[in-house]
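Indexing begins at 1, ligand by ligand and atom by atom, following the structure's order. Residues take their numbers from the sequence shown, with the count starting at 1.
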Amino acid sequence: MSQTAAQISSPTPGKVWLVGAGPGAADLITVRGQNILSSAEVVLYDDLANADLLNLCPVTCERIYVGKRAGCHSASQREICSELVNKARTGRNVVRLKGGDPMTFGRAGEELQALADAGIACEIVPGVTAAASVAAVAELPLTQRGIASAVVFATGHACADRGATPVNWRAMGALGATLCIYMGTRHFGVIASELIAGGLNPDTPVAVVADATLPTQSVRLGQLSDGDTLTADPARRPALIIVGDVVRWREISAAAPAMAAAE
Ligand code: SAH
């Protein structure tokens, strides 16, 4: 069968990897993520991924910023999806580098769909999500025998995003689970009131960890009734909010040593 000019000039599409960059510190990427970056031909990255990771890419790799840094055009999700498809269609191996884990509040679903629709192969490389890193740096076990047996990852951004599925904060307040709230700092006043209305004590402990694993990291402790005074940050660093008794697990465990002994 004879080929058209367009068919001759379009190579076999490359492959796309959605790679989790981890929470901030460059060495918290996985070995697999590191290997894939080291052979990337195109990389699309945004603000949450540590920029030092780009040094792992070959010098010839095309680097495309798709974040929201002040003064730069911020690419829409639709633009990012079509850029991924277009770059893969040039026959190159493309890495979409995302902060934390790509499948956790990472808009991976839209990108996977766009790639599937275009018939482009894609592989996901997991990353350390913010909740796991915050738990590590603040030494807060997300689950602890006798204190919390369940964990919820929720987004506080849904308060402002009309396209998002709303979170039923009152129902969350009744779960008895540790709540890890991503993107919640600006709406924490409303979220805290709803959690209290749902049954949580106003003195339920809260930890707010900003820039976890980076030199600028900070940990603030308070309680639900502090509301958004606890989350105010002029620097607007990414921060994760943990709500639940695990925040003061050391005190609780010290007061109930019999529990630990009964293991
Ligand atoms: N895919 C990412 C989450 C992206 S949503 C992941 O798996 O971690 C962005 C939100 O993640 C931020 O608003 C903040 O709530 C949280 N976050 C990301 N990096 C963080 C960090 N280093 N410290 C604290 N919170 C972080």
Side-chain angles (χ1 to χ4, degrees), residues 17-30 32-33 44-53 66-70 74-77 80 84 95-112 124-140 142 151-161 163-165 167 169 172 178-192 206-222 228 230-244 246-247:
W17 282 264
L18 304 187
V19 176
D27 60 353
L28 281 173
I29 191 171
T30 62
R32 186 180 298 183
L44 283 82
Y45 65 100
D46 46 44
D47 299 296
L48 282 178
N50 189 321
D52 288 351
L53 290 172
V66 290
K68 297 184 173 129
R69 206 170 295 142
S74 113
S76 68
Q77 189 56 48
I80 295 172
L84 280 176
V95 172
R96 172 72 175 106
L97 187 64
K98 289 169 173 287
D101 175 64
M103 305 298 266
T104 309
F105 304 124
R107 307 291 298 261
E110 287 96 320
E111 295 173 13
L112 288 171
I124 300 158
V125 181
V128 178
T129 191
S133 70
V134 161
V137 301
E139 295 187 13
L140 302 175
L142 297 180
V151 185
V152 172
F153 290 0
T155 170
H157 190 60
C159 296
D161 179 355
T165 314
V167 175
W169 295 108
M172 299 273 165
T178 301
L179 306 180
C180 300
I181 306 174
Y182 290 70
M183 297 171 275
T185 50
R186 280 201 275 163
H187 306 286
F188 190 59
V190 176
I191 293 170
V206 177
V208 182
V209 184
D211 271 353
T213 76
L214 292 170
T216 46
Q217 169 183 303
S218 72
V219 180
R220 263 201 229 174
L221 299 178
D228 48 18
L230 195 57
T231 53
D233 178 11
R236 300 182 66 176
R237 292 165 297 167
L240 188 106
I241 306 165
I242 297 191
V243 178
V246 291
V247 171

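The heavy atom nearest to atom 20 (C) of ligand 1, considering only G106, A131, G20, A130, is found in A130.
Under the 4.5 Å side-chain criterion, counting only non-hydrogen atoms from C-beta, D233 is not in contact with T185. Inter-residue side-chain proximity for L112 and M103 is flagged as met; some heavy-atom pair is nearer than 4.5 Å. Using a 4.5 Å heavy-atom cutoff, the side chains of S218 and R237 are in contact.
Among protein heavy atoms, the minimum distance from atom 23 (N) of ligand 1 is reached at A212 N, 2.9 Å. Atom 3 (C) of ligand 1 has as its closest protein heavy atom T104 O, 3.6 Å. For atom 2 (C) of ligand 1, the closest non-hydrogen atom of the protein is G99 O, 3.2 Å. Atom 4 (C) of ligand 1 has F105 O, 3.4 Å as its closest protein atom, hydrogens excluded (heavy atom only). Protein heavy atom closest to atom 11 (O) of ligand 1, with residue, atom name and distance, is Y182 CD2, 3.4 Å. Counting only heavy atoms of the protein, atom 10 (C) of ligand 1 lies nearest to M183 CG, 3.7 Å.
Under the 4.0 angstrom criterion for non-hydrogen atoms, G24 is not in contact with ligand 1.
T129 contributes no side-chain N or O that, together with a main-chain N or O of D101, makes up a donor-acceptor pair within less than 3.5 Å. Without hydrogens or angle criteria, T178 side chain to G244 main chain gives no donor-acceptor distance under 3.5 Å. Checked by atom type and distance alone, the side chain of Y45 never pairs as donor or acceptor with a backbone atom of V95 at under 3.5 Å. Proximity of a side-chain donor or acceptor of N50 to a complementary backbone N or O of G24 within less than 3.5 Å is detected.
Contact annotation: for L48 versus ligand 1, heavy atoms closer than 4.0 Å belong to the side chain alone.
Those atoms of ligand 1 that come under 4.0 Å of a heavy atom in T129, given as number and element, are 6 (C), 7 (O), 8 (O). Taking every non-hydrogen atom of A239 and a distance limit under 4.0 Å, the qualifying atoms of ligand 1 come out as 14 (C), 15 (O), 24 (C), 25 (N). Within ligand 1, the atoms closer than 4.0 Å to a non-hydrogen atom of V209 are 24 (C), numbered from 1 in the order shown. The ligand atoms of ligand 1 that sit less than 4.0 angstrom from a heavy atom of P23 are 19 (N), 21 (C), 22 (N). Close approach to L240 involves these atoms of ligand 1, each under 4.0 Å from a residue heavy atom: 24 (C), 25 (N).
A salt bridge links R96 and D46; the closest N-O separation between the charged side-chain nitrogens and carboxylate oxygens is under 4.0 Å.
When all heavy atoms are compared, the tightest approach of A49 to A21 is CB-CB, 3.7 Å.
Among the atoms of A210, none of the N or O lies under 3.5 angstrom from an N or O of ligand 1. For ligand 1, the polar-atom distance check against T213 finds no nitrogen or oxygen pair separated by under 3.5 Å.
Between atom CD1 of residue I191 and atom CZ of residue R186 there is a gap of 11.5 Å, rounded to the nearest 0.5 Å.
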